[in-house]
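The sequence lines fix the lettering, A, B, ..., with proteins before strands; numbering per chain opens at 1.
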Amino acid sequence: MVRLTGHAPRQLKRAASRTRPTARSSPPAASRARRSPATSGSASLKGGPHVGNEEVASAFDEMAELLAIKGENRFRIGAYQRAAQLVRSLPKALSDFGSVEALDELPGIGPDLASKIDELLRSGRMRALNQLRSKVPRGLRELLRLPGLGPARVRALHSGLGVDTVADLRQALDAGRLQGLRGFGSVLQSGLRAALEAGARQQQRWLWTTASQHAAPLCAHLEAVAGVAAVVVAGSYRRGCETVGDLDILVTGSGKTNIGGALREYQGVREVTASGPTRCTVALRNGMQVDSRLVAPISAGAALLYFTGSKQHNLRMRQRAQARQLKLNEYGLFRGRKRIAGKTEADVFEALGIPWIPPELREDRGEIEAAERGELPELIELKDIQGDLHAHTDASDGHEDLNQLVAAARAHGLRFMAVTDHSRYLGIVRGLDADRLARQIDEIDALNAKLRDFVVLKGTEVDILEDGGLALPDSILRRLEVVVAAVHGHFALPRQKQTARILRALDGPFVSILAHPTGRLLNERAAYDVDFQKIVETARSRPCFLELNSQPTRLDLNDAMCRVAKEQGVLVSIASDAHSGLDFADLAAGIRQARRGWLTARDVLNARPLSEVRAQLQRTRLAT
DNA sequence: GCCGTTTTCGGCCCGACTGTTTTCAGTCG
């Protein structure tokens, strides 16, 4: 069973509540059971149709939006939104919680939401959601996506003009029917027209690396502005998220700094969508939104904290301040009107009684509680990486030969590297068969004899066939030191088959690492449907290792999965999957992801010295 | 809908900017 380290406080809170005398002093468990019949049972949550966490989260998101459109209590709406976010961040499947009571223990999940999750898991349906859907026209949710339209205005469109869809809105605008509708002035109307014309341009998230390419010159531009002391990219970018929705740029400087003017002049800016003395929002030519904020140096730390987020982390921090009769905002931490911290982030954390928390952890996944306990992980850094266990030469689909790749690896400070060219398989260019691999083994032996202070490990990235067999025979695999097994096709198998296929592959006696375990490509291809929990359990008991593939489009494992691997004691191999020497730079992306997954250097196979890595690899060999 | 040193009811983070208003609601982050 996975230990949810992130969610211990609820148990502490329960313990406290048990000691408190109440007018009707019945044991909490009993009183909770009375409040919701669903919590009285402890039957397994499994057995129904397979419903994943994302499906549950989406249902809660939809509940929140439909309730908002109906004009329901905003705190009730917020409860659904927080629940959706919590479910997305869970390191394990809801169906693995075992009982409704276990769900109820999660922070922000009470008896009602627990029973709704239970209902969805068991039946694949949520009655409350279906009822809401029947009351709120489907198209209204689409209207919420338009800039300037929130629940109140969508409701006004629906009740005032009978506008229920984007098409209705377009017609109403064309017919001038929005004139006179309270709250819909000419500016808003032209904004809506523009948004409808842009229509097809859907909101997108950008790869971190893409965002980085746009952030660097923009920051340089802002740094040169008179009065600017510092420029930092905050937001999800600073938290190292695999994709970012926009760039949040914090500018520290004097109050006279004209940040809006500076952005207007920037050649990459397409339009300015909002601009005030301390805040300015623009769209870059490629459509990327940039939110910038100007603060005085005395507030820089508090502003950086606020602007880095996540929203949920900020909420918790502000609540923490409130509980201490303090107020936290982007200008500082205040007792009454007196600012007691805010110049640096560390000041603010210290004043709130906890150590500084690395941005990658600020997702309200238990980091504040870990900080309270003094148990924040010492996150891995790029300099901890000793070698790379997944790289390709031009023998298969790489672009450089063995010598060039070794030179590049050394230039990146690595001390060892496994050459893991592809096996022969459908669609893989120039994959190696057993004979070519045998010749490469000889070539590597000869090279190692000449190398000093660097070792090339002999390996392969062997394909996992549709039935779970491997594309190379054991006779050649046994001569290798690193066998990276990978799925490169048949992505659409049903969950049970896909899982069985991968588990069978891991049964192979020489497999050391499962490459890019879920096969997802960011913004392109979803992860294949697989029971990740089973894969981790198999990796632990077998044993073998799981890869965190550092290619910016893969970043596979994701952050939550990294944490599951860590908690189950499965070492992670942070791999470049280099196809040229330049790709070793991608290891930095893997490190960001690993840090978001709470990994320390001890949790990472290739952060260990070669002798230890070899010993670990030896453990994975089930036959010799 | 959740939660509890605010405690079983009555709260629930905080501020900037915009547009449409004449003091503020709505939206956004």
Side-chain angles (χ1 to χ4, degrees), chain A residues 9-10 12-26 28 31-32 34-36 60 63-64 67-68 71-84 86 104 106-116 128 144 146-156 180-192 234-236 245-248 250 260 272-281 289-295 299 302-303 305-334:
Chain A
R10 178 75 174 267
L12 297 177
K13 176 197 73 197
R14 287 278 162 76
S17 80
R18 273 194 286 276
T19 61
R20 221 174 15 253
T22 58
R24 296 164 296 174
S25 63
S26 49
S31 80
R32 295 181 74 82
R34 210 172 40 239
R35 278 156 58 197
S36 167
F60 283 162
M63 284 290 293
L67 289 170
E72 286 278 347
N73 178 310
R74 65 193 170 100
F75 298 108
R76 188 176 170 216
I77 294 161
Y80 280 103
Q81 289 170 332
R82 282 191 299 278
L86 170 84
D104 193 358
L106 292 168
I109 304 292
D112 183 87
L113 292 180
S115 73
K116 286 193 168 76
L144 276 183
L146 294 170
L149 288 192
R153 289 190 178 128
V154 167
R155 198 159 53 245
L181 188 60
R182 191 180 169 82
F184 288 80
S186 59
V187 177
L188 181 61
Q189 287 189 49
S190 58
L192 287 173
S236 50
D246 60 12
L247 285 178
D248 297 307
L250 179 68
V272 179
T273 49
S275 184
T278 67
R279 200 170 149 176
C280 180
T281 301
Q289 181 171 307
V290 178
D291 294 327
S292 63
R293 188 79 183 255
L294 174 69
V295 295
S299 296
L305 184 66
Y306 155 74
F307 224 24
T308 297
S310 64
K311 189 177 174 181
Q312 206 57 34
H313 175 88
N314 286 351
L315 200 60
R316 293 288 311 278
M317 291 289 282
R318 286 175 174 186
Q319 286 169 343
R320 188 176 177 85
Q322 222 182 16
R324 287 162 176 71
Q325 281 74 53
L326 304 172
K327 185 173 79 167
L328 177 62
N329 60 26
E330 56 264 54
Y331 300 111
L333 182 66
F334 297 87

Tell me what [X] touches on the nucleic acid: a base, only sugar-phosphate, or nothing, going by heavy atoms under 4.0 Å.
X        : value
A/Asn73  : base
A/Leu113 : sugar-phosphate
A/Thr281 : nothing

Note: for A/Arg293 and A/Lys116 on DNA chain B, the residue whose nearest nucleotide lies more 5' is A/Lys116
Judged by nearest nucleotide, the residue sitting upstream toward the 5' end of DNA chain B, A/Met63 or A/Arg74, is A/Met63
Between [M] and [N] - [atom1] atom distance, rounded Å:
N      : M      : atom1 : answer
B/dC13 : B/dC28 : C1'   : 15 Å
B/dC9  : B/dG15 : C1'   : 29 Å
B/dT6  : B/dC17 : C1'   : 32 Å
B/dT22 : B/dA16 : P     : 23 Å

query = Does A/Gln319 place a side-chain N or O at less than 4.0 Å from the phosphate oxygens OP1/OP2 of B/dC14?
reply = no
Phosphate contact (B/dG15 OP1 or OP2) by A/Asn329 side-chain N/O below 4.0 Å: yes
Kindly point out which of [options] is positioned nearest to the side chain of [X]?
X        : options               : result
A/Gln322 : B/dC13, B/dC17, B/dG1 : B/dC13
A/Gln325 : B/dC2, B/dA16, B/dT6  : B/dT6
A/Lys327 : B/dG15, B/dG1, B/dC17 : B/dG15

Rounding to 0.5 Å, atoms CZ (A/Arg153) and CG (A/Leu192) come to a distance of 8.5 Å
To the nearest 0.5 Å, atom CG of A/Leu328 lies from atom CZ of A/Arg320 at 11.5 Å
In whole angstrom, what separates [X]'s [atom1] from [N]'s [atom2]?
X        : N      : atom1 : atom2 : value
A/Phe184 : B/dG19 : CZ    : C1'   : 12 Å
A/Phe334 : B/dC14 : CZ    : P     : 12 Å
A/Leu333 : B/dC14 : CG    : P     : 11 Å
A/Leu315 : B/dC14 : CG    : P     : 9 Å
A/Phe75  : B/dT6  : CZ    : C1'   : 14 Å
A/Asn314 : B/dC12 : CG    : C1'   : 16 Å
A/Leu294 : B/dC17 : CG    : P     : 10 Å
A/Leu326 : B/dT6  : CG    : P     : 13 Å

### Message
Surrounding CZ of A/Arg74 (heavy atoms of other residues, nucleotides or ligands, distance under 6.0 Å), is the total greater than 12?
### Response
no
Across every strand shown, the nucleotide meeting Watson-Crick or G-U wobble geometry with B/dT8 (both distances under 3.5 Å) is none
Residues A/Gln189 and A/Phe184: closest non-hydrogen pair is NE2-O, 3.3 Å
inquiry  = Do A/Asp291 and A/Leu247 make a side-chain contact, defined as non-hydrogen atoms from C-beta onward lying under 4.5 Å apart?
reply    = no
- Looking at side-chain heavy atoms only, is the closest gap between A/Glu330 and A/Phe307 below 4.5 Å? no
Do the side chains of A/Arg155 and A/Glu72 get close enough for a salt bridge, i.e. N-O under 4.0 angstrom?
no
- [ ] Answer yes if the side chains of A/Asn314 and A/Gln312 hold a donor-acceptor pair under 3.5 Å, and no otherwise.
- [x] no
Contact string for nucleotides 22-29 of chain B, one letter per nucleotide 5' to 3', B = base within protein heavy-atom range under 4.0 Å, S = sugar-phosphate only, - = neither, reads S---SSSB
